[in-house]
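Below is one structure, written out as structure tokens; comments come after it.
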Amino acid sequence: MAKKKSAGHHRWRWKLGFSFAACILFLFVLKLRQNSLIGAHEATVPESELISLQAPDAVPNKIAFLFLARNRMPLDIIWGPFFQEARADLFTIYIHSRPGFVYDKRTTACSYFYGRQLSNSIQVEWGEASMIEAERLLLIEALKDSSNDRFLLLSDSCVPLYNFSFVYNYIMSTPKSFLDSFTDVKESRYNPKMAPIILKNKWRKGSQWFALKRDHAAVVASDAVVFPIFRKFCKRRPLLDSWRQKHLTGDPSKQHNCIPDEHYVQTLLATR
Ligand SMILES: *[C@@H]1O[C@H](CO)[C@@H](O)[C@H](O)[C@H]1NC(C)=O
């Protein structure tokens, strides 16, 4: 599934992962890298009520657009026309925003966002475990609709680079999830205390943004084993601290900076 990459390549992927504005493009770049797609055979389906049966044939499969937003959607004028030309029965929208933030005509120009915020959203610290929790809340909500077949995680800075029919056909045409996943070359981010639940050879890194198939989405939403380990042992060090460590001590063995949302889904699916 994942291969060790050269340091240069690794850096390139890292930057790409942070390129919020291009996360849709990012999904398309992955198309060129078949080895980073996660196949159906690589994760098993847990016994969980979250997995519902296949949608009846009469109901078309939908893409669930899951937005991890703070409050206002800065690019709503682009999303409006995008959803406007879409068949209404081919998509659903879910937004995790700051608790209490409401999408209506006062706060967004895109009517498709009206009332789509989760009612149980939490306060998210960027790059902390609470980010993973927000992703899981989105997945749990979207899985309740049995016609949602693909689960696309987006930030509030994402823009669609193609029209809806293109995106829909593209995502539906592959039986795999789109998830950037590779062996983490910087092993110091792995904490040995994570064993035996997460073994070192299952430790993965990738971009936070994904398009998951329904069975993979259910694995993430129902996980009660790997997430607690992340919460406990995968912590982001304060930025200043991190800089000091790197530039003043230069001791790589002391660098223990773990960004949960760039490891969680990849590592979880690798442990299955
Ligand atoms: C959507 O985009 C594709 C590829 O750019 C194009 O071939 C197609 O005609 C477009 N469809 C619509 C409905 O605009």
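One-based numbering, in listed order, for ligands and for the atoms of each. Computed over heavy atoms, backbone and side chain alike; hydrogens, waters and symmetry mates excluded. Nothing fancy with the numbering, it's 1 onward along the sequence. Just so we're clear, the structure is a prediction, and the values are computed from it rather than from any experiment.
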Could you list, one pair per line, each nitrogen or oxygen of ligand 1 together with any protein nitrogen or oxygen closer than 3.5 Å, giving atom names and the distance rounded to 0.1 Å?
residue  : atom   : partner : partner atom : Å
ligand 1 : 2 (O)  : Asn163  : OD1          : 3.3
ligand 1 : 2 (O)  : Asn163  : ND2          : 2.3
ligand 1 : 11 (N) : Asn163  : ND2          : 2.9
ligand 1 : 14 (O) : Asn163  : ND2          : 3.3

Exercise for the section: Verify whether one side chain among Asp76 and Tyr103 offers a donor that lies under 3.5 Å from an acceptor in the other. Expected result: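 Note: Asp76 and Tyr103 side chains miss the donor-acceptor criterion.
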Problem - Ser147 and Lys62: side chain donor to acceptor below 3.5 Å - result: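 A donor-acceptor contact under 3.5 Å links the two side chains.
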Handout entry: Any donor-acceptor N/O pair, Arg116 side chain to Ile93 backbone, under 3.5 Å
Key =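 Indeed, once roles are kept as given, a pair shorter than 3.5 Å links the two residues.
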Practice task
Kindly indicate whether a cation-pi arrangement holds for Arg214 with Phe151, taking the cut-offs as under 6.0 Å to the six-membered ring centre and within 45° of the axis.
Solution key: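 No; the conditions do not both hold, so Arg214 does not lie above the ring face of Phe151.
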Problem - Cation-pi geometry met for Arg136 and Phe227 (6.0 Å, 45°) - result: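 That pair qualifies as a cation-pi contact.
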Handout entry: Output field: ring centroids Phe178/Tyr170 closer than 6.0 Å
Key =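 Under 6.0 Å, so yes.
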